[in-house]
2 protein chains.
Amino acid sequence: MRVSELAQTGGVTAETVRHYTREGLLQPHRDPRNGYQLYDAESLGRLRFIDCLRSLGVSLPEIKQILSWADQGTAEFIEPVPLATQRGRLYLRAQEFQVIARWIDNMNQDKMTESFSLKELIESLGTGKLVFEANDSRSDH
Amino acid sequence: MRVSELAQTGGVTAETVRHYTREGLLQPHRDPRNGYQLYDAESLGRLRFIDCLRSLGVSLPEIKQILSWADQGTAEFIEPVPLATQRGRLYLRAQEFQVIARWIDNMNQDKMTESFSLKELIESLGTGKLVFEANDSRSDH
DNA sequence: CTTGACCTTTGGGCAGCCTAACGGTTGTAA
DNA sequence: TTACAACCGTTAGGCTGCCCAAAGGTCAAG
């Protein structure tokens with residue numbers, strides 16, 4: 001699997017794949033004839049995993065750490081710390097994404113007249129239990 | 001609602017809220033006595049909305065555009081274009097986040113012995129139907 | 001009236017990713 | 001076999017989004 005194929009399947013740009021590779025999060029082997037980077041099937045899962053954590057604000061070095069734990073099998077017992085702190089955010093985002101996605105579906109199905117307005121969709125995102133862990137260290141320094 | 005309160009409730013830093021405000025995505029009014037920025041209840045939904053779209057890679061100017069459509073009520077009929085293209089990504093991410101969140105739950109419940117390893121979790125992210133729209137313009141320039 | 005926890009603005013810094021430029025490789029097909 | 005389009009690589013620089021520190025105002029509690 002070459003760079004562009006992995007990128008397209010994974011839903012990111014080829015440049016992003018190259019970037020993750022430069023930083024050591026993906027480890028392709030090289031075609032000795034032309035220097036092309038070749039990714040195995042496993043790389044797709046890694047790429048999706050990276051993309052998910054990045055969108056939660058986890059840094060590339062932290063993700064690299066988690067991936068190396070996964071590679072070593074160290075992580076069945078010691079839970080990767082940067083992952084655990086994301087639990088609440090993961091559930092919330094999953095729910096929010098579904099709400100938005102379903103709203104888009106409604107729009108696409110000629111149900112416009114009976115469905116919610118965009119304004120109502122946005123407001124509804126503020127009405128859930130959006131409370132995170134108390135000591136989340138994410139309000140002011 | 002002052003800046004830190006909104007930030008904490010919304011799960012972002014106060015600096016991020018100030019940034020969105022500087023860029024015009026949030027419009028607080030000012031306490032005339034001290035210059036503090038005061039956010040109404042509606043801002044929370046907007047903030048969550050911004051955070052969701054940002055994590056999908058939508059740029060702040062594009063989000064600002066969508067928000068202004070929502071404010072004008074323009075969007076019941078003309079579907080905000082940057083939103084529509086995200087539909088597939090939204091569903092996929094919602095599913096992926098749930099998978100990861102549940103895996104973390106398993107880890108936290110002393111079920112470690114019988115649950116999947118981190119490596120298996122990551123690999124499973126590559127086995128779903130991760131195919132996006134064909135002309136997604138997100139593989140190479 | 002001082003301490004601590006807020007708030008403001010300004011300015012600089014950094015990570016993550018994009019873009020352009022240049023040259024090599026590959027496959028298809030004139 | 002030449003020519004073209006569509007890949008690939010590396011390098012260098014640029015942009016966006018957000019963080020952080022500094023310097024100073026506000027405010028409630030003790």
Side-chain angles (χ1 to χ4, degrees), chain A residues 1-39 43 46-47 49-65 67 82 89 134-141, chain B residues 1-39 43 46-47 49-65 67 82 89 134-141:
Chain A
M1 205 178 210
R2 306 207 292 211
V3 146
S4 282
E5 188 182 353
L6 176 62
Q8 186 160 4
T9 315
V12 302
T13 71
E15 246 323 297
T16 299
V17 171
R18 291 198 189 97
H19 185 56
Y20 295 159
T21 304
R22 276 192 298 269
E23 300 298 321
L25 308 206
L26 296 175
Q27 291 136 350
H29 51 96
R30 296 237 179 205
D31 188 327
R33 294 184 304 254
N34 49 26
Y36 288 9
Q37 312 195 87
L38 298 177
Y39 299 85
S43 299
R46 290 173 80 92
L47 177 57
F49 186 68
I50 297 168
D51 198 28
C52 283
L53 294 200
R54 277 296 308 134
S55 80
L56 292 169
V58 182
S59 72
L60 291 186
E62 279 174 321
I63 299 173
K64 182 175 180 180
Q65 178 70 271
L67 284 174
R89 231 181 290 277
N135 49 358
D136 202 315
S137 79
R138 250 185 167 283
S139 75
D140 222 333
H141 67 277
Chain B
M1 204 179 211
R2 305 208 292 214
V3 77
S4 280
E5 190 182 352
L6 177 62
Q8 187 159 2
T9 316
V12 302
T13 72
E15 249 319 301
T16 300
V17 171
R18 291 197 188 97
H19 185 57
Y20 294 160
T21 304
R22 275 192 299 269
E23 300 297 319
L25 307 207
L26 296 174
Q27 292 133 355
H29 50 96
R30 295 237 178 205
D31 187 327
R33 294 185 304 257
N34 51 25
Y36 288 8
Q37 311 194 90
L38 299 176
Y39 298 84
S43 297
R46 292 172 79 91
L47 177 57
F49 187 69
I50 297 167
D51 198 29
C52 283
L53 293 199
R54 276 296 308 135
S55 80
L56 292 169
V58 182
S59 71
L60 291 186
E62 280 174 321
I63 300 174
K64 183 175 181 180
Q65 177 71 271
L67 285 173
R89 231 180 291 276
N135 49 359
D136 201 313
S137 80
R138 251 186 167 281
S139 78
D140 224 331
H141 64 271

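Throughout, a chain's letter reflects where its sequence line sits, starting with A, and its residues are numbered from 1. Nothing here was measured: the structure is a model prediction, and the numbers come from that model.
Look at CG on B:Leu56: it is 14 Å from P on D:dG17, rounded to the nearest Å. A:Leu60 has its CG atom 13 Å from the C1' atom of C:dC14, to the nearest Å. Taking atom CD of A:Glu23 as the reference point, atom P of D:dT10 lies 13 Å away to the nearest angstrom. The distance between atom CG of B:Asp31 and atom C1' of D:dC27, rounded to the nearest whole Å, is 11 Å. Per the geometry, OH belonging to B:Tyr20 stands 9 Å off P belonging to D:dG17, to the nearest Å. To the nearest angstrom, C1' of D:dT10 lies 15 Å from NE2 of A:His19. Atoms CG (A:Asp51) and C1' (C:dC17) sit 12 Å apart, rounded to a whole Å. The interatomic distance linking A:Arg2 (CZ) with C:dT26 (C1') rounds to 7 Å, in whole Å.
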Nucleotides 8-11 of chain C: which of its N/O atoms have a protein N/O under 3.5 Å away?
{"from": "C:dT8", "atom 1": "OP1", "to": "B:Gln37", "atom 2": "N", "distance (Å)": "3.1"}
{"from": "C:dT8", "atom 1": "OP1", "to": "B:Gln37", "atom 2": "NE2", "distance (Å)": "3.2"}
{"from": "C:dT8", "atom 1": "OP2", "to": "B:Arg18", "atom 2": "NE", "distance (Å)": "2.8"}
{"from": "C:dT8", "atom 1": "OP2", "to": "B:Arg18", "atom 2": "NH2", "distance (Å)": "3.3"}
{"from": "C:dT9", "atom 1": "OP1", "to": "B:Arg30", "atom 2": "NH2", "distance (Å)": "3.0"}

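In this model, the phosphate group of C:dA15 is not approached by any side-chain N or O of A:Ser59 to a distance below 4.0 Å at OP1 or OP2. Neither OP1 nor OP2 of D:dC8 sits under 4.0 Å from any side-chain N or O of A:Arg33. For the pair A:Thr16 and C:dC18, the criterion of a side-chain N or O lying under 4.0 Å from OP1 or OP2 is met. Note on B:Ser4: every side-chain N or O is 4.0 Å or more away from OP1 and OP2 of C:dA5.
Looking at B:Val17, B:Thr21, B:Leu6, B:Leu38 one by one, the single match for side-chain contact (heavy atoms from CB on, under 4.5 Å) with B:Pro28 turns out to be B:Thr21.
The side-chain contact (heavy atoms from CB on, under 4.5 Å) search around B:Ser55 returns A:Ser55, A:Arg93, A:Phe97, not counting sequence neighbours. For A:Asn34, the side-chain contact (heavy atoms from CB on, under 4.5 Å) partners at least two apart in sequence or on another chain are A:Asp31, A:Tyr36. Residues passing the side-chain hydrogen bond (donor to acceptor under 3.5 Å, both in side chains) test with A:Glu62 are A:Ser59, sequence neighbours excluded. For B:Arg30, the salt bridge (charged side-chain N to carboxylate O under 4.0 Å, His left out) criterion is met by no residue, not counting sequence neighbours.
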Would you please test B:Glu5 and B:Arg2 for salt bridge (Lys or Arg N to Asp or Glu O under 4.0 Å) and show each step?
CA-CA 6 Å; B:Glu5 190 182 352; B:Arg2 305 208 292 214; over 6 Å; no
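We find that B:Glu23 and B:Arg18 are not joined by a salt bridge, their nearest charged nitrogen and carboxylate oxygen being 4.0 Å or further apart.
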